[in-house]
Protein chains: 2
Amino acid sequence: MARTKVRSKDKHINNLAKIVSGPYSILYDQEDLLAYDCDGFTIHKHLPKAVVFPNNTEEVAELVKYCAENSLPYLARGAGTGLSGGAIPLNEEVIISLVKMKRLLSVDLENRRAVVEPGYVNLKLTNSIADKGYYYAPDPSSQSCCTIGGNVAENAGGAHCLKYGVTTNHILGLEVVLPNGEIIEIGHDGIPDAPGYDLLGLLTGSEGTLGIVTKITVRILKNPEAKQTVLAYFDHVEDGSQAVSDIISAGIVPAALEMMDKTAIEGVEAASFPVGHPKDIEALLLIEVDGVSAGINEQINHILQVCKNHHVREVKVAQDEQERARWWANRKTGFGAMGAISADYLVQDGVIPRSKLPEVLNRINEISAESGLRIANIFHAGDGNLHPLILFDARIPGASEKALEAGSACLQVCADVGGSITGEHGVGIEKINEMRFIFTDEEIAAQTNIREVFNPNNLLNAGKLFPSPGRCVEIKKEMKAAMASS
Amino acid sequence: MARTKVRSKDKHINNLAKIVSGPYSILYDQEDLLAYDCDGFTIHKHLPKAVVFPNNTEEVAELVKYCAENSLPYLARGAGTGLSGGAIPLNEEVIISLVKMKRLLSVDLENRRAVVEPGYVNLKLTNSIADKGYYYAPDPSSQSCCTIGGNVAENAGGAHCLKYGVTTNHILGLEVVLPNGEIIEIGHDGIPDAPGYDLLGLLTGSEGTLGIVTKITVRILKNPEAKQTVLAYFDHVEDGSQAVSDIISAGIVPAALEMMDKTAIEGVEAASFPVGHPKDIEALLLIEVDGVSAGINEQINHILQVCKNHHVREVKVAQDEQERARWWANRKTGFGAMGAISADYLVQDGVIPRSKLPEVLNRINEISAESGLRIANIFHAGDGNLHPLILFDARIPGASEKALEAGSACLQVCADVGGSITGEHGVGIEKINEMRFIFTDEEIAAQTNIREVFNPNNLLNAGKLFPSPGRCVEIKKEMKAAMASS
């Protein structure tokens, strides 16, 4: 294919364009760049210098070398669905978009692994092996459009991570372009627990600050022989929480164990996929069990009994795949559904020890009362990963600031009970201040020292993940100003 | 307690002794040091400068600072059961022994975690929570004496890692003394998948080269409700291999799936825990399934059927816990049992994709024929973790060298089929040359650059894990000389 013709006054634009073959290789007009000024975290917007679309690892390496030699800030981007701003070009970065590197390179059913390019969409992998009885486990709610490269950067989770673990538990190997332009392979041929340092774990979840992943070997799983899904309605949140605790204590490991509170239910029932949840309940649990057929009914019966022990108002088992799919669609579109009951919303992502659930939900209620903002809770109850959704109306003066403060207060509560400030959405630019809730200066230094080794000029995705005092205060200010004026 | 009185001509010995409180705080006499000249890898021996026994984190930090300020090489040691030489003092190190830091600090059953000191013995944890129905999953064969600190350093595995994962999958938090004397906490309060870089993964399995772990938060598991164990005898190794493959393909995840070949069976039947395996079979499988009671019999029936499909000669289910324990004792003492049929043996530790099992076992047979040395195989077949045991007699001139060469050749075979040179024993000094089988110079540099950040003066456990050209050739030479003269 012919190379894209570029005539820019900027020599770097012309030179970058020469590295990438084929048409549609670069964007540099202001109006084209507008689509790249933020990701799923839409509060903070910045235009990139350009967006380039390499076709292969070698082109990525050439682009990285060019940026390094010319001191151009740059970052990698997948589908741009991240929720913490990890792909926002704070420093007029050259965005290296990986959407053209979207091939499924190989599938090895016998050894249960597949190799994909970073721009390959998460759900496509499951779709392409489903007829053979296999699937890829990590299932972020955005799985129909997010890329596996982006999942690696953010160590993405999903509803079924309770039993199956987050992305890092499913990555067997990576090809990575380092900021010095070298190409390395880690996790050779998908053998788990390779000798040497765990670079695989280090790169996964490093939020695009250590290198650019250009090839990914993932673990694929055999479809469970059987699957059963339960929906349980509770009049009291405490009863629902206690049921969660008792199910886990019984030694059952559900594939998923989700909770929604009253405000969340109001939202999902008002939006695209209503399933007729009663509106006067205080909490619902969506529980899925999978595995070999033998014994699955006994597990379901045990779960039903636990729910009854905790005064469940109504509990039912999905009668067919259609009903199950409807329940999950209702849950998975839950964040967006908040739009049906609120002008704006901020989603938070905290983690707590499961035993602190009732205490933390009470504290979040207090934060809601103090701020005067409604807070809906939709979350992965089984692994204590909370998603408080703070509802506000940016048109009301001061509301945006209050929402940001309430979000930060929720994370402080999580940190106070021994939890964490993010379970699966990442830190990005959104939570760099909150990193101080859980890390000392020494602990942050131990990490930024590692970044320094990989990324000594800090040209790759600078200003993300770790607080660097001046800059992050500034970002928070800009964010508040942007929200106030939006 | 009174401080140990030390009167040495070496000022460093006197100063180190002053840091550590109580009696039995330091060893420095030649004859006392002899017990510390090697670990479970006994081929290469070196005396340390001294062995100190700190009581707590602060003393460890003071010792580390003293070593750093005085350029004294040092390393940490647990029970010294490691099989790759990770705790051998190559550079006259000060050994910081962690055996006095052996407390179980807390158990939190509700959130399924426990906090231990590094010198706490692996099996003690399970013993201390067994009556409440819980256990700690990683079960190296040395679990009755190895320490959890050592397990973290080596990322130890065990027979039940097929279903439950190796040590890194069970570590939720670490307190670490860095080589600059700073104390950091990583994996705060046991919340998995914390934000920032995965220091937890990086430290686990770093073979004592990045810091000294002084506190460990581990995941504990609920005892499975039920457990069934199967023993199957095959006339052909290929039939056994195919049965392994079919069990996994059926979607069953056994807790353990072990294989022994004919030579191994001869050994274990001649040693401490014979169970009456027939001596004319070519392979046996030891298969354990655990989980909720409901359905476990169906899984066992499926496994029995798979074995029958592959011409099993005899297959039986353990009738009670005593029988099960006898089968496992026979398996777990397998390495040492080789002493009953051979003057000396070398154990190797390679990993291969499961589908390559028949091919690799054939190649190992060829290596055995070429070297004229018998090779027994006892291994974790379910996850492709091989343990070729190379039998030799060091009194025969040239036999030691041949054994080392045969071991290296086995690892080359593993690397050639896309595998790895160690599954659970670590690299230590034993396999630093073989690191080149699977890593390029760039890939090794990416790792040694990280070591440099943590351990800039390379005083901590130098000469381990990564090849540094001159030194490792020299070690191999010394090893061969030592073996030839032993």
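Heavy-atom basis, side chains included; hydrogens, waters and symmetry copies ignored.
The greatest number of non-hydrogen atom pairs below 4.5 Å with chain A, out of Gly165(B), Gly201(B), Gly291(B), is found for Gly201(B). Between chain B and the options Lys356(A), Glu225(A), Met435(A), Glu424(A), the largest number of non-hydrogen pairs under 4.5 Å is found for Met435(A). For the set Val453(B), Val166(B), Asn385(B), Leu200(B), the count of heavy-atom pairs under 4.5 angstrom toward chain A peaks at Val453(B). Chain B forms the most heavy-atom pairs under 4.5 Å with one residue out of Val176(A), Thr204(A), Leu210(A), and that residue is Leu210(A).
Closest heavy-atom contact between Ala446(B) and Ile184(A): CB-CD1, 4.2 Å. The heavy-atom pair separating Ser355(B) from Asn111(A) by the smallest distance is OG-ND2, 2.7 Å.
Looking at Glu443(B), the atoms closer than 4.5 Å to chain A (heavy atoms on both sides) sit in the backbone and in the side chain alike.
Taken to the nearest 0.5 Å, the CG atom of Asp441(A) stands 9.5 Å off from the CD atom of Glu182(B).
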### Task
Could you walk me through whether Phe454(A) and Ile450(B) pass the side-chain contact (heavy atoms from CB on, under 4.5 Å) test, one step at a time?
CA-CA 9 Å; Phe454(A) 283 83; Ile450(B) 293 175; 3.8 Å; yes
### Glu442(B) and Leu178(A): CA distance, side-chain angles, deciding distance, side-chain contact (heavy atoms from CB on, under 4.5 Å) verdict
CA-CA 10 Å; Glu442(B) 289 78 14; Leu178(A) 297 179; over 6 Å; no
### Task
Could you give me the CA-CA distance, side-chain angles and deciding distance for Arg354(B) and Glu110(A), then say whether side-chain contact (heavy atoms from CB on, under 4.5 Å) is met?
CA-CA 8 Å; Arg354(B) 203 163 38 228; Glu110(A) 196 172 7; over 6 Å; no
### Task
Decide side-chain contact (heavy atoms from CB on, under 4.5 Å) for Tyr197(A) and Thr209(B); before the verdict, give the C-alpha distance in whole Å, the side-chain angles of both, and the deciding distance to 0.1 Å.
CA-CA 10 Å; Tyr197(A) 299 145; Thr209(B) 64; 2.6 Å; yes
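A heavy-atom distance below 4.5 Å is found between the side chains of Ile248(A) and Arg112(B). In this structure, Pro353(A) and Arg113(B) have side chains that are in contact, with non-hydrogen atoms separated by less than 4.5 Å.
Checked against ring-ring contact (aromatic ring centres under 6.0 Å, His included), His380(B) has the following partners two or more places apart in sequence or in another chain: His387(B). By the side chain to side chain contact (heavy atoms under 4.5 Å, CB included) test, Thr57(B) is found to be paired with Met101(B), Glu175(B), Val177(B), Ile183(B), Thr214(B), residues two or more places apart in sequence or in another chain being considered.
For Lys222(B) (side chain) and Ser249(A) (main-chain N/O), a donor-acceptor pair under 3.5 Å exists by modelled atom type.
Just one residue in the list Leu202(B), Leu199(B), Asp198(B) forms a side-chain contact (heavy atoms from CB on, under 4.5 Å) with Gln447(A), and that residue is Leu199(B). Under the side-chain contact (heavy atoms from CB on, under 4.5 Å) test applied with Pro195(A), the options Val351(B), Thr422(B), Asn155(B) reduce to a single match, Thr422(B).
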